[in-house]
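Everything on this sheet refers to the single structure shown next.
Order of the sequence lines fixes the chain letters, A, B, ..., with proteins taken first and strands second; residue numbering starts at 1 for each chain. We use all heavy atoms of the structure for the numbers below, so side chains are in, but hydrogens, waters and symmetry mates are not.
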There are 4 protein chains.
Amino acid sequence: MATKCPGKTREKLVNAAMELFASKGFDKTTVDEIVAKAGVAKGTFYLYFKSKEDLIKELAFEVMPIMAMPSLNDPYITVSFPTLESYLLQLGKEFLDFYSQDYRAEIFFHMLSVRERLKNIDEIYSQSCSELLREGARRITAYVKVGFEDALIAFQMFLASLMHYLHARECLGFSGEHYLRKVVQAVINHLKFSTSV
Amino acid sequence: MATKCPGKTREKLVNAAMELFASKGFDKTTVDEIVAKAGVAKGTFYLYFKSKEDLIKELAFEVMPIMAMPSLNDPYITVSFPTLESYLLQLGKEFLDFYSQDYRAEIFFHMLSVRERLKNIDEIYSQSCSELLREGARRITAYVKVGFEDALIAFQMFLASLMHYLHARECLGFSGEHYLRKVVQAVINHLKFSTSV
Amino acid sequence: MATKCPGKTREKLVNAAMELFASKGFDKTTVDEIVAKAGVAKGTFYLYFKSKEDLIKELAFEVMPIMAMPSLNDPYITVSFPTLESYLLQLGKEFLDFYSQDYRAEIFFHMLSVRERLKNIDEIYSQSCSELLREGARRITAYVKVGFEDALIAFQMFLASLMHYLHARECLGFSGEHYLRKVVQAVINHLKFSTSV
Amino acid sequence: MATKCPGKTREKLVNAAMELFASKGFDKTTVDEIVAKAGVAKGTFYLYFKSKEDLIKELAFEVMPIMAMPSLNDPYITVSFPTLESYLLQLGKEFLDFYSQDYRAEIFFHMLSVRERLKNIDEIYSQSCSELLREGARRITAYVKVGFEDALIAFQMFLASLMHYLHARECLGFSGEHYLRKVVQAVINHLKFSTSV
DNA sequence: AATGAATGAGGATTCATTCAT
DNA sequence: TATGAATGAATCCTCATTCAT
């Protein structure tokens, strides 16, 4: 009954919850299940979280799309990725890899659906989404001569397509990589047009 | 206490549920609330639906994206819309109008998030999504000389962008119409490239 | 499982709760115990009461001192009880009889102690206590020529003594009847003095 | 984190508990709250008290009516207070002053209501109440020529009236002093009668 | 003496579903 | 068809107490 690894209890709870939320949804996952999976007692949960909903906030940030694209914040990126194409491929790969851990996609869609009810989550999402889009657009303008608005639309379409793929995979029949290449190509094509015009 | 308009009970229940699901989510909406809003007795609910989940299936189909684009199935459409651009603008307008009734978008995202758990819904979604994408691609090929796969990607990006707009609206700051024009333009640009190559 | 006596469920719950609250106190009595004693299912409790505290309000009024003295509101009382002494003896007897059902006294003292926390109960008590004192004083003035304030004090002392007896019984060693006679005599004595002056 | 003033921990706990019990009642006050208010750790509580109930006993005695009337045990009192009237006024003043610290009255009523359940408290109360009444009666007989039983009744009525005032204050509308004078007068009046007869 | 993380039995409340009328 | 009282399993959360440090 003693603590095997001190200080890890919170982490154990978060991980257990993550997996359960992914497979069953927030509302259907019980605190009982979380603590059972984490291997701690019921009361322990409430030492670390005020309530079940409190835990949700903890998870919300971790599955946001902005967390899925670390290269978006790497300042030396233009060096490693000389072309926009290679850069977008990198971002796309990161995104698909990140969400290939099923529970992340599940939780993220859950976020979207409960946004209305949970103000905290709504704020986290709105803010991180804005940041993501703006940063993405800024990066594009570093590669190609295009207006910010066009870059924004381009990046949003890129992001939207990746996101849509997460739940339309089986309807499309393409592999992630193939799909990604096609989408990047489409974005590039479109941008070429915007710049040449 | 007698039914004023016989035969409308089921409809009243469906409408009540729709609104409640949209604002509170499936799991948080109780049968009590549904019957209260519908103005019928508790037991009556079970005359029309085997269970709460049974009702969900009823609603699932109604908020699917395929229902949002009636023009996709209109056989005479190429007449009214001579160009791909005008056609996509029409589809996009229909889509945004359809989901401008907030509860539809809410319920749809809810669908996505519970798909894993509710096999029925998963099937409905997969099937209708496939149909939608394929029909959209087919239509594109009627306008421009492009391979089916490219048309599929193009249409999926179009659809994905519209869908993403539903929850990224406030992060973008564009009006629906402006955004739509930009997205259609991007798709067209890309397709021009694909065909010319 | 069928209802033996329709419409009595609420009453059964109230009675069961009354007895349990008396012997264990509000906080220590569980809803489980109440429904077990009432012979209904757990959920049934919440059909009739919003919460456990809601039930308390129901009981609060029933154990108030004003309920213990029905003769206080009988308009023909001066006929049956020609002297103040006989009238006070009657009121006192009613009071002691009422609270001889132990649970009433227990619940009443509980009320006093939770008054601060439960605004509803505080209001019920304050109002019913005012009414009781004022009516008692009015009755006294019908028997003897005395100012209202003196009558009020006299009646309050009478009431206070009876109430104190409920928890000081074993410290005094008198029987209820003997005690009552003494108290009534004291009140009468005092009033005689007030009037003669 | 070290104790600034060693040996004061127990006292800090008692004081914290006193305030909390007064405002929330025993059952609703948690050990968590007590230690938080006292500024010590959870485990420390159990160094000083076997259990929460153990602490209650500690407090019970401190709020008993007998503690409210120190002059009752002063052997030189007949010197300072030559008349019964002046003596009762003194006792009454002490009583009202003592319980004017609200939490004492609150806790005392709480005691009364949990007496049934907590044998320890019941014993403390019974004993201290007996002592109080007997001592009060004895004092009265030192002033006036009256039988012990009559003195007992008189003192009990005096005490009961004061106690009743603690929760009927707002129903009466008198100031404490005015009320006290009236009650003392009534007791004196009654005793005059008893002796003259 | 002091700490505070961990415990787990216990209690309030919810809600989908049934069924006698 | 329609009703709504009754059900009870399921779930969230509390809190007194322990114990290794």
Would you mind telling me which of F:dT17, F:dT1, E:dA2 lies closest to the side-chain atoms of B:Tyr48?
->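 Taking heavy atoms from C-beta onward, the closest nucleotide is F:dT1.
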From the options E:dT13, E:dT7, F:dT7, select the nucleotide whose nearest atom is closest to the side chain of C:Leu47.
->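 The nucleotide sitting nearest to the side chain is F:dT7.
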Mind listing the residues from residues 24-42 of chain D sitting with a heavy atom below 4.0 Å of DNA chain E? Number order is fine.
-> D:Val40, D:Ala41, D:Lys42
Ion pair present between A:Glu62 and A:Arg104, side-chain N to carboxylate O less than 4.0 angstrom?
-> no
Are B:Lys28 and B:Glu33 within salt-bridge range, i.e. N to O under 4.0 Å?
-> no
Can you tell me if [X] touches the phosphate of [N], counting only side-chain N or O atoms and a distance under 4.0 Å to OP1 or OP2?
X: C:Thr44; N: F:dT7; value: yes
X: A:Thr9; N: E:dA6; value: yes
X: D:Tyr46; N: F:dT17; value: yes

Measure from the side-chain N and O atoms of C:Thr44 to the backbone N and O of C:Val40, and report whether any donor-acceptor pair falls under 3.5 Å.
->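 Checked: no pair found.
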Mind checking the CD1-CD spacing from D:Ile107 to D:Gln101? Nearest 0.5 Å is all I need.
-> 10.5 Å
Output the distance between atom CG (C:Leu59) and atom CZ (C:Phe108), rounded to the nearest 0.5 Å.
-> 14.5 Å
Just how far, in rounded Å, is [atom2] of [N] from [atom1] of [X]?
X: D:Asp54; N: F:dA16; atom1: CG; atom2: P; answer: 14 Å
X: D:Lys50; N: F:dT18; atom1: NZ; atom2: P; answer: 11 Å
X: D:Leu13; N: F:dT17; atom1: CG; atom2: P; answer: 14 Å
X: A:Phe45; N: E:dA5; atom1: CZ; atom2: P; answer: 16 Å
X: B:Lys12; N: F:dT1; atom1: NZ; atom2: C1'; answer: 12 Å
X: C:Phe49; N: F:dA6; atom1: CZ; atom2: P; answer: 12 Å

Under the side-chain contact (heavy atoms from CB on, under 4.5 Å) rule, collect the residues that match up with A:Phe61, sequence neighbours excluded.
->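 Result, side-chain contact (heavy atoms from CB on, under 4.5 Å) vs A:Phe61: A:Met67, A:Ile124.
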Any chance you could lay out the salt bridge (Lys or Arg N to Asp or Glu O under 4.0 Å) test for A:Glu106 and A:Lys24, step after step, and finish with the verdict?
-> CA-CA 9 Å; A:Glu106 294 297 331; A:Lys24 317 186 63 179; over 6 Å; no
Secondary structure of DNA chain F per the Watson-Crick/G-U criterion (both distances under 3.5 Å; [ ] crossing, | other strand, . unpaired) is .||||||||||||||||||||
Verify ring-ring contact (aromatic ring centres under 6.0 Å, His included) between B:His110 and A:Phe109, making sure each step is shown before the conclusion.
-> CA-CA 8 Å; B:His110 220 107; A:Phe109 289 126; over 10 Å; no
Going by atom types alone, do D:Glu123 and D:Ser126 pair a side-chain donor with an acceptor below 3.5 Å?
-> no
Earlier contact from the 5' end, DNA chain E, for C:Lys52 and C:Gly43 |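 Its nucleotide being nearer the 5' end, the pick is C:Lys52.
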